[in-house]
Amino acid sequence: MILVNKNTKVIVQGATGKMGAAHTKRMLSYGTQVVAGVTPGKGGEKVPGTDVPVFDTVREAAEKTGATCSVIFVPPYLVLDAGCEAIDAGMSLLVVITEGMPPQDTAKLTSMAKSRGVRMIGPNCPGIITPGQTLLGILPGMIFKPGPVGMVSRSGTLTYEIALALSDADHGQSTCVGIGGDPVKGMEYPEVLTAFNNDPDTEVIVLIGEIGGNAEEEAAAFVKENIKKPVVAYIAGQTAPPGKRMGHAGAIISGGKGTAQSKMKALQEAGIEVALTPREVAEKVSKLRSQPVHR
Amino acid sequence: MILVNKNTKVIVQGATGKMGAAHTKRMLSYGTQVVAGVTPGKGGEKVPGTDVPVFDTVREAAEKTGATCSVIFVPPYLVLDAGCEAIDAGMSLLVVITEGMPPQDTAKLTSMAKSRGVRMIGPNCPGIITPGQTLLGILPGMIFKPGPVGMVSRSGTLTYEIALALSDADHGQSTCVGIGGDPVKGMEYPEVLTAFNNDPDTEVIVLIGEIGGNAEEEAAAFVKENIKKPVVAYIAGQTAPPGKRMGHAGAIISGGKGTAQSKMKALQEAGIEVALTPREVAEKVSKLRSQPVHR
Amino acid sequence: MNLYEFEAKRIFADFGIATPPGVRITRPEELRKIHFGFPFTLKCQVMSGGRGKAGGIQFAKDLNEGEALAKKLLSMTINGSRTESLLVEPKVSIARELYLSVTLDRARGCPIFIAAAEGGIEIESSNAIVTVPIPYPYQPYVARDLARQLGLSGTLFNKVADMASRLYRLFETLDLDLAEINPLVVTSGEDLLALDGKITVNDDAMARQPLFRGWQASHMVDLPERERKSKMLGLNLVELDGNIGIICNGAGLTMATMDMVKNFGGQPGNFLDAGGGSDQEKTLQAIEIVNENPSVKVILLNILGGITACDEVAGALVEFMKRNPKRTLVVRLRGNNQDIAEKMLADSGLKLFPDLEDAVKEAVSKAKVAV
Amino acid sequence: MNLYEFEAKRIFADFGIATPPGVRITRPEELRKIHFGFPFTLKCQVMSGGRGKAGGIQFAKDLNEGEALAKKLLSMTINGSRTESLLVEPKVSIARELYLSVTLDRARGCPIFIAAAEGGIEIESSNAIVTVPIPYPYQPYVARDLARQLGLSGTLFNKVADMASRLYRLFETLDLDLAEINPLVVTSGEDLLALDGKITVNDDAMARQPLFRGWQASHMVDLPERERKSKMLGLNLVELDGNIGIICNGAGLTMATMDMVKNFGGQPGNFLDAGGGSDQEKTLQAIEIVNENPSVKVILLNILGGITACDEVAGALVEFMKRNPKRTLVVRLRGNNQDIAEKMLADSGLKLFPDLEDAVKEAVSKAKVAV
């Protein structure tokens, strides 16, 4: 597995909000070590429906619990502040679930994180799961099961769809990382791919992309140069019209660039198996696992 | 010697201004390798009265000349920008001569420099000289001569006065660093003292302080713990009234703190020889050099 | 949100970026009150690009010609975009043209300057562009590095660097996605003028920008009615040519569903991402808005409940079927509270597909029958 | 530059920091137009500290008492500082007092929050203070770390953190050396109020703060006349009790010269740092201003010419001696262009000392003769 495991101690920023509280409960029931919530002015309370203590600041939560990761559910305009707080309090991984963060704020936060050697996933992402061990975010845990497939994706529910197909075909997952659908974000494909490449628990990597930008093209080049394990890819938006934002802030074909076709072509040319449907992803993983390929 | 030597390649930011041009000439005549001036919009010209080429940006100057240090003469409100430019272009030492830089700008610049591992001397400082080799700043070179005394000072002309007394008594200097009279600054005493402690050319260290703040008290504690070489100190402002700013932005006794007496006491308690006049500094150095002390 | 040229220029002026003196008119007669001298320029204020090629910029040599041109231009629609008004400006004497913009660079994850030593260009296809990433916090030297890369010198170096700094301040202060000056004109008097400008405000940041409060409605005039309505409701609708209306939760899944419909021989009638965590009411709004599209024969609802609960969706479906008993629905529901949802829909006669491919195939075949 | 309380409070209000409703008056009769109800507070507006202890804050239970108190307070001088006006405020119901300030920390080289869970204190001598260094760029969590260190919780935690953030924004935006709220009052209704405030503007940054343009002259009223005059000329003058006027170039050297005068048995009459690079005119102004001090018997000029050229100083001396032939001058001149200076002064009869100690001894002995 990569990045998180059963020993990972997690705080939730914005834990007393509706979404924060609901998902704190779900994470706990999955087995995640959620050791603290943080909501300014609510220190001393418990996260509603749980025994998890709430602190006023991340620094205090970290000092009292030894947590190293923060899952962030605060409203969009407060994420930059919350993220800087987490970095300054010594968190080594931020998982930003919040959707609608202004991208200039994201750019500032990622630059801060990079300069301090802190990893960040998101924003506008479902989080990360190491099946059977821990879940940080909003992914539905029941869909995943432990196994050798590493997943990295710009999408949320589409990731669940593909995880479902994989789990149904008995291809469990080592870790699944939802990097989020915003144009500017923390971890990008190459960083996650490298982690999977170095992870002894991961045999096959599934890369899920979508239209917009050129992250998949860059990932293709990166895989060709650096990744020894087999990769299966899926790109959503093959029939998307140009110039229209398809839900995600980052999912738009503009100036003829960022089409699914361009991405699929680049991936294929890098020796990556490209599936056309979620079910086909599972089929290609089956094939690869029965006939291991070495690049 | 410390920090700079005859091979140091220097650019001057603000080289075409009256002060910048005059001191570029003086540095050149001292033997300093001033390889470029930088003034936006004057690229392609020469520093007046010299053959030194002027560039529009530090990046270009650095690329074309291989310079690693910048002496900054730009107006006070432009220093933050100029300093960030120098850091971003890869300079490893900034010497900020400019007086009147708003201290919040200084705080921003020093924080930037620290995070990038760049050293900064000043602002509001006379610069640094390694006698017989190189001079970065506005110190009058003819007063100094090579030798084994390392000097560090918050003052300008007072430093010259004491250097004069030392040189007259035949105590030449390894390097003299004027760290400047502002309350917020780049290098402080401990960093310079450490460099002298590690410098094989330095036998005795002269520390020149003045009223205001508690940098000298901290330096005393630092010397006691870390410095093996003998130190002679001089503190200006023994008769200064409280609550009045004595010229330098940092030279003020406030709330009963920052008096010369407090500083002299702390220095003496740390085993440092404290002189009462510039001439006495030279006398104490003479004594120490004839009877080496080891702490 | 894209701004009109006249709006962008007002904002430029507020940030100290010089623009030609300009007057916005909505009736040809207003030209009589303008005293620029002749010739002057008339420019259609439209959202779309390609205005120049489409004849949306004209020069008038006198008032009569001006009024005739204004009348014609005011009624123009350019690449689907209605002319909102005309911007009238004196003709500028141009010594040189440049291109200058600030935008967010996805790959680098930070803002960048994009510039070119020639103006009026299609920046996506130009080879002459230079780019400079912009670190945070900003200092003006970044703009000087840009001016240097453009090969400028002397006064022009300083003027362009100063304008680039102002453009970045504007970009940061107003939370823009794009601030573009194209062309940036050097006049024969060596002054800089933003001759045309484009500003795109970041949609997510609009709520914290008091300047743009209430602007959204008036800037969606070119959107089809149902897309505009969806946007106001917080739904992401994109209408397409086919007859299968698609509603999912999550952008990636909606696109994947759309792709599968096409792959299995169907024609998507729209993309509608109802977003994560939609409740019964919002889901119902989503189905109703797709239902309003007369081309749609079959509605395919694909919900993979993670943050969205299946029972909320089932509630919306029960209500919708009550209102629209004859509409053909194909529903795939899976995930959180799926069991409750199944019970709620047990008496409705609606078949629930647990598998996505099965649901898509069903929708495609039903749509073929309907046609 | 220090601001008066009423000015500081206006600025607080502009940055969203609540203050009591207040009216500034300069005549007792103006009280009749104020309708706060009774009792109300009358506060001397003075630059100096220790106002409360000196009786500069009084409470009036009715208008008659108010007018009598106002008359008295308006004529008060507190610790050498003239009362500029009175600030009249309703009496506030206080549940709790805190202390909150932002200043620059010399040792850490960055701004810091200083706060205490008790108010109205002498912060320099309090043990209960907490400090939080403020990184750049600022984010509000720093203020929350402060609120936590103060041991606050609940609504008060959030309110104090919010006010601290506003205070920092003010500190940064206006280039302050100090922004202080003391006491910061928690009212019985759990609201925060800045009951007294102090703002010190950084002198070097004033020229870029349009708000403070022209304020300097009106805020130096407590300075002795010659010190005020020097400040306007860009000279650093501090007057002392003795009879030897000291003029040097450079702050450290001026202090050292002053110390030596004292060490050798003399009494410094002033500290005057003429700064680096002074030309003939500025040097002459410096000598003239010291000359205006009737206590000064001997003027000791010590110039170590680095950036200051000795010939410029010699020019000033020639002119000064022409105007004031009887004034006793002791001059030490060394450094750049010393040879030219010596030639210029060769015919003047003025002896030039190359050594500082010799010059100081001469000045001390001449001053003793003069007394």
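Bear in mind the structure is a predicted one, so any value in this text is a computation, not a measurement. Chain letters run A, B, ... following the sequence lines, proteins first, then strands; residues in each count from 1.
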Would you check if D:Leu253 and B:Ser155 make a side-chain contact, meaning some heavy-atom pair closer than 4.5 Å?
-> no
Can you tell me how far the CZ atom of D:Arg334 sits from the CD1 atom of B:Ile143, to the nearest 0.5 Å?
-> 7.0 Å
B:Pro76 versus chain D, heavy atoms under 4.5 Å apart: side chain, backbone, both or neither?
-> neither
Which bit of B:Ile235 is near chain D, if near means a heavy-atom gap under 4.5 Å: side chain, backbone, both or neither?
-> backbone
Under 4.5 Å from a heavy atom of chain D, the part of B:Glu99 involved = neither
Are more than 12 heavy atoms from other residues, nucleotides or ligands located less than 6.0 Å from atom CG of D:Asp241?
-> no
For the residue pair B:Tyr234 and D:Ala256, what are the closest heavy atoms and their distance?
-> OH-CB, 3.2 Å
Can you find a pair of side-chain heavy atoms, one from B:Glu161 and one from D:Leu356, that are under 4.5 Å apart?
-> yes
Does any heavy atom of chain D fall under 4.5 Å from the side chain of B:Met101, the backbone, both, or neither of them?
-> backbone
Take atom CD in B:Gln268; do more than 12 heavy atoms of anything else shown fall under 6.0 Å from it?
-> yes
Where on D:Asn236 is there a heavy atom nearer than 4.5 Å to chain B: the side chain, the backbone, both, or neither?
-> side chain
Should the heavy atoms of other residues, nucleotides or ligands under 6.0 Å from NZ of B:Lys145 be counted, would the total exceed 12?
-> yes
Under 4.5 Å between any side-chain heavy atoms of D:Asp175 and B:Gln104, yes or no?
-> yes
Minimum side-chain heavy-atom gap D:Met260-B:Pro278 below 4.5 Å | yes
Heavy-atom closest pair (D:Pro111 atom, B:Ala107 atom, distance to 0.1 Å) is CD-CB, 4.3 Å
So what's closer than 4.5 Å to chain B heavy atoms on D:Asp273: side chain, backbone, both or neither?
-> side chain
Can you tell me how far the CG atom of D:Asp204 sits from the OG1 atom of B:Thr98, to the nearest 0.5 Å?
-> 11.5 Å
Nearest heavy-atom contact between B:Pro103 and D:Leu104 is CB-CD1, 3.3 Å
Is the shortest heavy-atom distance from the side chain of B:Pro102 to the side chain of D:Arg208 under 4.5 Å?
-> yes
Between B:His248 and D:Gly252, what is the shortest heavy-atom contact and its length?
-> CE1-N, 4.4 Å
Heavy-atom side-chain contact between B:Thr157 and D:Cys248 under 4.5 Å = no
Let me know if D:Met258 has heavy atoms under 4.5 Å from chain B in its side chain, its backbone, both or neither.
-> both
Under a 4.5 Å heavy-atom cut-off, does chain D meet the side chain of B:Ala240, its backbone, both or neither?
-> both
Between B:Pro140, B:Gly237, B:Gly156, B:Ala236, which shows the greatest number of heavy-atom pairs under 4.5 Å with chain D?
-> B:Gly237
When you look at B:Glu210 and D:Met255, which way does the side-chain contact (heavy atoms from CB on, under 4.5 Å) test go after all the steps?
-> CA-CA 8 Å; B:Glu210 60 187 33; D:Met255 282 191 275; 3.8 Å; yes
Using 4.0 Å as the upper bound for N to carboxylate O, is an ion pair formed by B:Asp182 and D:Arg106?
-> no
Can you tell me if NZ on D:Lys198 sees more than 12 non-hydrogen neighbours from other groups inside 6.0 Å?
-> no
Min side-chain heavy-atom separation B:Val184-D:Arg108 under 4.5 Å | no
Name the region of D:Leu272, side chain, backbone, both or neither, that has any atom closer than 4.5 Å to a heavy atom of chain B.
-> neither
Is it the side chain or the backbone of D:Glu172 that comes within 4.5 Å of chain B heavy atoms, both, or neither?
-> both
Which atoms of D:Leu223 come close to chain B, meaning under 4.5 Å heavy atom to heavy atom: side chain ones, backbone ones, both, or neither?
-> side chain
Proximal component of D:Asn202, with respect to chain B [non-hydrogen, under 4.5 Å] | side chain
4.5 Å side-chain heavy-atom contact, B:Arg245 and D:Asp203 | yes
For D:Leu304, is it the side chain, the backbone, both or neither that has a heavy atom under 4.5 Å from a heavy atom of chain B?
-> both
Is the closest side-chain donor-acceptor distance between D:Asp259 and B:Thr239 under 3.5 Å?
-> yes
